[in-house]
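Structure first, then comments.
Along the sequence shown, residues carry numbers from 1.
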Amino acid sequence: MSVNLSAQQEDILIRFDTAAAGFTESLPLGNGRLGAMMYGGTRRERIALNEISLWSGGPQDADNDSARFYLKPIQDLLLAGNNREAQALLQKHFVSKGVGSGYGSGAKEKYGCYQALGDLFIDWRDSLLPVSGYERVLNIETAIATTTYTRNGATIKEELFTDFVNDIIWMKLSSSRKGALNFRLSMYRAENARVTAKDNRLLVEGQLPAGKDAGMRFAAIAVPTVRDGSIRQEESGLVIENASECWIRISAATNFYNETGLLSAEDPMKMATRYLNSGEVKQNKDSGNQIIEKSLQAISNGYDRAIKNSTSFYQNLFNRNRWKMLEEVRNNARDGSENRRENREENRRVNRKENGIVNSKENLTVNRMENGIESRTESKKVSGRFGGLSKITTQERLVRYAGGGSDRQLPVLYYNFGRYLLISSSRPGLLPANLQGLWATEYQTPWNGDYHLNINIQMNYWLAETTNLGELAEPLHRFTAELVENGQKTARAYYGAEGWVAHVISNPWKYTSPGEGAEWGSTLTGGAWLCEHIWEHWRFNRDTAFLRKYYPVLRGAARFLQGILIKEPKNGWLVTAPSNSPENTYILPDGFRGQTAMGPTMDMQISRELFNSCIRASKILAVDSAWRSELKALVPRLAPNQVGAKGDLNEWLEDYADAEPRHRHVSHLYGLHPYDEITPWESPALAAAARQTLLQRGDDGTGWSKAWKISFWARLGDGDHAAALVRGLLKPTKGLGIEMSGGGGTYANLFCAHPPFQIDGNFGAVAGIAEMLLQSHGTEEVIRFLPALPKGADWVNGSIKGLKARGGFEVDMDWREGKLVRGEVRKAVKAIGNREKMGVGERTASSKVGKADSEAVRKEQAIGNGEKKKSGKRAARSGEGSAGGAGGVGVGASVGVGGRAGGVKGSLCRLILPGGMKIVDEKGKLVAGAEKGAREVGFIVKNGKKYRII
């Protein structure tokens, strides 16, 4: 059991044996609104604080209203092959009015910047005395960080968590010796704020600039309560003396109003105080006591209740999807009795642990490890390969893994950490996770910490649907809808077009104009790419009410693209113009290095995806039949994917030479991932070209670029290459400066290095690993088990539960020696998507979905019977199927979703059943079997029922 227990800990604990030297060694916590970073200092402890809406800047009119008059001249130059002059004209007129984002440094500009809230400091009085037994741990299963050490005969413990229920930050300091806590508590912000101490509270109040105007107001409060000892107030700090325990509650607020996306007149200090009071009222409802300063016992009890309730809330999200890698298999027989018994015992242990009913010995060990006080003696008792890992820091594990060492739990830890970060930085009703998620210590964050629409914010949410956190993508969906109003103005100003557009950069003020540099800032498919997440949410959840709500957003983005297409002269294809392939440069035969072009491949792929999504959505909702016909006629006329002379997929309409052959962006493979028009089974020639493209680009790049390539190789069925990229992404790095071509890796606290830190790499890697284990994309939405499972020993034995598949399914599976031995398919329970039901914070912000077509709003869902019949017939066909994803080592079991069928009775599925396996229902009744070889079958997954593959 010691081996299993250690493995369970090694996939949920981030460990340090020293205090953080900087941001990338601190431990991040967050509840979607508030963020905290624990540094763990023993002389001076620093807790860096964040609030997700804290932005400088404000709304602005950055559109160049005369730009549309230059659109046709630019297009004519491109049609004539004069890219040089077209680009010169574009760079003069198709840019923002003013300084735009301030060239990535817009903190004091109107564009603004995501900023740190400030810091809480604890200055220890006995800080010069030596420290022993130091350990700092983030438990990502409980969302609690702890620091423990011994000094002057007393063991000091610091515990920190961000409360998902009461929406405040809690810290608890305790000592093993009575009266040993002596420190000064203070708060600090370097600019635009004032810090005071009043009534034994620390208060921070400030206002950020919005260019030349006054911008957002904000406030923070820290309230300590002590057992034993005393609190003495100084001008800007509080002195705690001779205490045995100290509880610190931290609250913060801004006057950003999520329902309007504007600033309110409300006082942030009063709002921050209400967060504190709200928790207190709830905790004292039986006694009726609503006094802000509670008794010592009430604070202690309130803390215990808060940590229990917050952890429970968090785990309801986190535990939906859990991945385990096993150390050894006692019986190699795929379905032998010993193996089945092992599965039952493993499931029983996991279930008992997740439900908090492990036996007392195991419980003691788990609790001690979670609290960061595992003794050296206990560490030595851990046997097997993980005996060494339990005694080293996470940074040492990264170094060991980069050197080729075996650590099958490290990718699992990274996967769990990515899901933890999304739960911690994205909450329905609030702003979406930005380039740094929620965590920052700067007042000028890199690239303004904003929303980059040419991959970065989208990558932040790739893992949401697949890893069973779909409702956490609500901020992205709503943000997309809220871009519509400004995007309509931008579409008219630059293109004279209907619909809406957003380019490359955006912020809470819903910026949709091009950037200040056309060479990167004129990409015109940022908003259309965001729409992909709306459509994918429907594919995964089959929520027609959601689709009806957001259909006008899809329609508006498609109308824009439809309106700007022009016919290129060589083949008569319809293309976008002017545009570019994000941040990349081509070389013409005359040596000209340019970015401006017609119909870059990514634009055409996004156009096809969005048009096809609207075709299908309009049919599901029974609206816009005439427009649907227009789109159906339009799609075949779009410029297709093309294979170049080197066998790779062309990035531009012409087979231009690459100025940077190993460029970090691989935008022309959008059709491979996240879109699914390129697959090994439906378009093998294009898949081969995509493979060649990846080989030419290489595996190097920034952190997020490496993460994207994991998904690319997974969709090509090459698990070994995907695993090599996982290992490369986990390469330890300490680089903090901006590095645009290579250098991507992982910091000591598992933050992904662009460098600098950029959270999309964390999120993208999780999405890529999920693609390695389960896929459900393609025209028929066939679910493929283990389509890109690596052959290496670290990957061949494992289990995962709660992955999501398109069609509204959840999937569990076990595999041994690289082969599926058990699976389960069930209809997913509809997720709760608003904050009242989730029990958190303010009410859900309403979505602005633009001016909807009246027909789209009025009509109800109507799927034709003929369509249902066709879908059913296609899914019910049986015959021989191919085993395994193309190029992968999976066993080839797959569940097909009859995407257009469904209803109250169940959902239609297809399954390519491996030879020797069978499907049974909950009563053990045979649904289908495959005795002689892989066989395709069709069956209905009834709502609330589970179907096992054994």
Side-chain angles (χ1 to χ4, degrees), residues 29 36 38 40-45 47 120-127 129 131 133 135-136 142 144-163 165-166 168-187 197-202 221-234 237-251 276-277 279-284 286-287 289-311 367-368 370-373:
L29 300 116
M38 175 191 276
T42 60
R43 294 186 176 184
R44 186 180 218 206
E45 168 62 310
I47 306 296
L120 179 81
F121 287 113
I122 296 171
D123 290 289
W124 292 98
R125 180 175 294 178
D126 53 357
S127 62
L129 297 175
V131 166
E135 187 172 33
R136 185 164 51 95
T142 61
I144 301 168
T146 57
T147 296
T148 57
Y149 55 90
T150 299
R151 178 164 53 200
N152 197 23
T155 297
I156 306 298
K157 179 180 177 181
E158 173 190 338
E159 195 169 49
L160 184 69
F161 74 98
T162 48
D163 194 331
V165 177
N166 295 306
I168 61 175
I169 299 169
W170 290 84
M171 174 187 282
K172 181 182 178 181
L173 302 168
S174 59
S175 170
S176 63
R177 194 182 74 231
K178 184 177 180 179
L181 300 180
N182 293 276
F183 59 87
R184 184 179 187 273
L185 187 69
S186 63
M187 297 186 78
K198 183 179 180 181
D199 299 328
N200 281 352
R201 295 182 170 206
L202 295 174
I221 310 171
V223 185
T225 304
V226 298
R227 183 188 302 279
D228 306 324
S230 62
I231 301 176
R232 175 166 50 84
Q233 185 171 303
E234 296 181 342
L238 302 173
V239 177
I240 284 79
E241 296 176 312
N242 303 319
S244 301
E245 292 180 296
C246 178
W247 297 264
I248 304 170
R249 291 169 294 140
I250 306 166
S251 178
L276 288 175
N277 293 350
E280 291 160 1
V281 171
K282 291 176 187 175
Q283 293 162 0
N284 286 278
D286 294 335
S287 65
N289 177 19
Q290 298 183 6
I291 301 172
I292 294 177
E293 292 300 333
K294 300 189 294 184
S295 68
L296 175 62
Q297 190 60 44
I299 278 286
S300 178
N301 292 342
Y303 178 85
D304 293 341
R305 278 193 297 270
I307 202 168
K308 177 182 177 181
N309 293 339
S310 180
T311 300
N367 287 338
R368 291 176 66 82
E370 287 180 355
N371 292 326
I373 53 174

| query | Side chains of M171 and M38: does their closest heavy-atom pair fall under 4.5 Å? | reply | no
Contacts of N152 meeting side-chain hydrogen bond (donor to acceptor under 3.5 Å, both in side chains) (sequence neighbours excluded), chain-then-number -> none
So CG of L185 and CD of E45: to nearest 0.5 Å the spacing works out to 11.0 Å
Applied to residues 171-186, the salt bridge (charged side-chain N to carboxylate O under 4.0 Å, His left out) test, sequence neighbours excluded, yields K172-E245, R184-E234
Rounding to 0.5 Å, atoms CG (L129) and OG1 (T42) come to a distance of 10.5 Å
Taken in chain and number order and not counting sequence neighbours, the residues that satisfy side chain to side chain contact (heavy atoms under 4.5 Å, CB included) with S251 are I168, A272, Y275, L276
Salt bridge (Lys or Arg N to Asp or Glu O under 4.0 Å) filter on D126, not counting sequence neighbours, yields R151
Q. Quick one: does N182's side chain have a donor or acceptor within less than 3.5 Å of a partner on E241's backbone?
A. no
Taking every heavy atom of D123 against every heavy atom of R44, the minimum-distance pair comes out as OD1-NE, 2.8 Å
So NZ of K308 and OG1 of T142: to nearest 0.5 Å the spacing works out to 15.0 Å
Would you call I307 and W170 a side-chain contact if the rule is heavy atoms closer than 4.5 Å?
no
With sequence neighbours left out, the residues meeting ring-ring contact (aromatic ring centres under 6.0 Å, His included) with F183 are W124
Residues at least two apart in sequence or cross-chain that pass side-chain hydrogen bond (donor to acceptor under 3.5 Å, both in side chains) with N301, listed by chain then number, are Q297
Test your reading of the model: is there a side-chain donor-acceptor pair from E159 to the backbone of I144, 3.5 Å cut-off?
no
Given 3.5 Å as the limit, does a donor-acceptor pair link the side chain of S300 with the main chain of L296, or not?
no
Side chain to side chain contact (heavy atoms under 4.5 Å, CB included) filter on A36, not counting sequence neighbours, yields I47, L49, L160, T162, I169
d(C246 SG, L238 CG) to nearest 0.5 Å is 9.5 Å
Here the gap from W247 atom CH2 to R227 atom CZ, rounded to the nearest 0.5 Å, amounts to 4.0 Å
With sequence neighbours left out, the residues meeting side-chain hydrogen bond (donor to acceptor under 3.5 Å, both in side chains) with T150 are T155
Minimal heavy-atom distance between G237 and L202, with the atoms involved, is CA-CD2, 3.7 Å
Residues at least two apart in sequence or cross-chain that pass side chain to side chain contact (heavy atoms under 4.5 Å, CB included) with R43, listed by chain then number, are S127, L128
To the nearest 0.5 Å, atom CG of L181 lies from atom CD1 of I156 at 5.0 Å
Nearest heavy-atom contact between A222 and M187 is CB-SD, 3.6 Å
### Query
Is the closest side-chain heavy-atom distance between L173 and I240 below 4.5 Å?
no
Residues passing the side-chain hydrogen bond (donor to acceptor under 3.5 Å, both in side chains) test with D228, sequence neighbours excluded, are S244
